[in-house]
Structure formats: structure tokens, C-alpha cells
Amino acid sequence: MNVKEAISRLAALYPDFQPWWEGEDPFLVLVGIVISQNTSSASTRRALSRLRERGLTSPSAILSAPQEEIEDALRPAGLYRAKARILKDIARWAMDGGLERVLSLPHARAREEMMKVRGIGRKTADVFLAFVASAPIIGVDTHIMRIGRRWGLGTDYESIKEALEREIPPERRLWAHKALISFGREYCRARRPRCDVCPLSDICPKRGIQPEL
DNA sequence: CTCCGGCGAG
DNA sequence: CTCGCTGGAG
């Protein structure tokens, strides 16, 4: 796949976007990314607003709230027991200065530090650092993973991430991350990909046929 | 590899 | 009804 050509076409399709985390507290951004794990954006937004309604927006508020109350707020997002536990863990971590410390480290080391926290994996760390630390990193979510495989860029997280970063300049990676996700949602879907109307079908290795990828 | 999970699309 | 969602842990 000619990634540069693909990205240039996506630029026409998705000119720009308003980051939802703009001016947002880094802790809340992390909370949002955790809630979004394997969860649709609509469900994520619902859970986030339920947290706000209950005033559960700071590390101290989350730490002092009953586990059950957090679980209830997160219920619409699914995986709510695990996520409530993760929020407790990152709240403790943030209050111990972990979050602040990570924001002062080089991106590679910040990533390692974050991934020591239970519930923060490579994708959550990558996306967080890209969002709030301006790290030129393309976090590979489920959409980008699927697209990367269909484009023949690799089969695992790191290889797809590296292949994309090799073709996309640092200052465009944040945009590309978002654009690829939008493209994945609208065209390169997991189920029933819309190859017939896809603006990239003529340069896609998969063309119109849809293998089980 | 399996589990966690409510929820919307088809 | 099934599948998959800006995943991660065990």
C-alpha cells in the first residue's frame, strides 16, 4: 500500500478536527482514554458525563468514592469493574506524583513508566502521550490495527505503528491517528467494509474482495 | 488464548 | 440474534 498517497487522500476527506481534550486536565484525558478501551465513543462519552455528574473528576474524588459508585457511573461503557479498578489505581498513581513525573520525562521513558501502572497498556500510553505531551506517536487502536493489516503494513502492534510513522511526518501523526480512525469507522469497517465507495480502493491491496482480516 | 460487558448496528 | 467497540491482564 502506498501510505503517503493514502494519507494525502484522507487529508481531503478529513481536513482537520477539534481535539476533545484541548485545555482538558491531563488526568481527565487519561480517564477518558481508559474508559474508551474496547468501547464505542458514544458509550465512552456517556460514562464520562456520568462521572462528571457525580463529581468524580479528580484523583482525590475518585480515590475517596466507593468502588461501587464508580462502577455504576461507568456501567454504560462496559468492562466497568475492571475500569473502576483502573481509575482507582491511576488516581492513586496521580496523587503520588506519577502523572506529573511522566509528563517531564522523554516520551520513550514516559511510556515505560506509564505501562507499569496496571490498566495502562501500550495503546493507552501512546495515545495519552500523543494527546497531552505532544509526542509524535501514532497509537494503534483496533481500527488502525485492522487498517494496517489490510494495507499489509504488518500484523502486530509495533510493526504497524512503525510502518505508519515511517511514512507520516511527526507533525501530521496526531491528525493521522484521528483520520485513520474516522476512515476505519466509515469505510474500512471490521464488518462489511465499504470497499465499493472507499476512496482508496484503487490503491488498496485488498481491492474489493474482503478477506477475514 | 480467554475473560470482561453494556450497547448499538445490521 | 451476532459482532465489534480508539484494550489489557492473567
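Here the structure is a predicted model, which means the values were calculated and not measured. Every chain is numbered from 1 and lettered A, B, ... according to where its sequence line falls, protein lines coming before strand lines.
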- Message: With the threshold set at under 4.0 Å for non-hydrogen atoms, list the residues of residues 110-140 of chain A touching DNA chain B in residue-number order.
- Response: none
- Item | Integer-rounded Å distance: C/dA9 C1' and A/Ile90 CD1 | 16 Å
- Item | Remaining members of hydrophobic cluster (4.5 Å side-chain criterion), A/Leu105 | none
- Message: Please enumerate all residues that pass side-chain contact (heavy atoms from CB on, under 4.5 Å) together with A/Thr142, with sequence neighbours excluded.
- Response: A/Arg146
- Mind calculating the distance between CD1 (A/Ile33) and P (C/dC5) to the nearest angstrom? 18 Å
- Task: Examine the side chains of A/Thr39 and A/Ser36 and answer whether a donor and an acceptor come within less than 3.5 Å of each other.
- Result: no
- Query: Mind checking what makes side-chain contact (heavy atoms from CB on, under 4.5 Å) contact with A/Arg189, not counting sequence neighbours?
  - Reply: A/Arg192, A/Arg194
- Item | Pairs where residues 162-176 of chain A contributes a residue and the test salt bridge (Lys or Arg N to Asp or Glu O under 4.0 Å) is met, not counting sequence neighbours | A/Lys4-A/Glu167
- Message: Can you measure A/Glu186 atom CD to C/dT6 atom C1' for me and round it to whole angstrom units?
- Response: 14 Å
- Pairwise P distance, B/dG5 and C/dG10 [rounded to whole Å]: 14 Å
- Item | Atom-pair distance (CG on A/Leu74; P on C/dG7), nearest Å | 16 Å
Extract all donor-acceptor atom pairs below 3.5 Å that involve side chains of residues 174-185 of chain A and protein atoms in other chains or at least two apart in sequence.
from: A/Trp175; atom 1: NE1; to: A/Tyr14; atom 2: O; distance (Å): 2.7
from: A/His177; atom 1: ND1; to: A/Gly139; atom 2: O; distance (Å): 3.1
from: A/Ser182; atom 1: OG; to: A/Lys178; atom 2: O; distance (Å): 3.2

- Query: Considering only the P atoms, how many Å lie between C/dT6 and B/dA9, rounded to the nearest integer?
  - Reply: 13 Å
- Message: Just the rounded figure in Å: distance from C1' of C/dG4 to CZ of A/Arg185.
- Response: 13 Å
- Contacts of A/Leu28 meeting side-chain contact (heavy atoms from CB on, under 4.5 Å) (sequence neighbours excluded), chain-then-number -> A/Glu24, A/Asp25, A/Val31, A/Arg52, A/Thr57
- What is the per-nucleotide protein-contact pattern of nucleotides 4-10 of chain B, from the 5' end, where B denotes a base atom under 4.0 Å from a protein heavy atom, S denotes such proximity for sugar-phosphate atoms only, and - denotes neither? BBSSBBS
- Message: Measure NZ/A/Lys88 against C1'/C/dA9 and give the value in whole Å, please.
- Response: 20 Å
- Query: Given atom CG of A/Leu30 and atom C1' of C/dT6, what is their separation to the nearest angstrom?
  - Reply: 14 Å
- Query: Quick one: A/Ile86 CD1 to C/dG10 C1', roughly how many Å, whole number?
  - Reply: 13 Å
Side-chain donor-acceptor contacts of residues 62-71 of chain A below 3.5 Å, not counting sequence neighbours, with atom names and distances?
from: A/Ser64; atom 1: OG; to: A/Ser60; atom 2: O; distance (Å): 3.0
from: A/Ser64; atom 1: OG; to: A/Ala61; atom 2: O; distance (Å): 3.3

- Can a donor-acceptor pair be found between the side chains of A/Asp126 and A/Tyr157 at a distance below 3.5 Å? yes
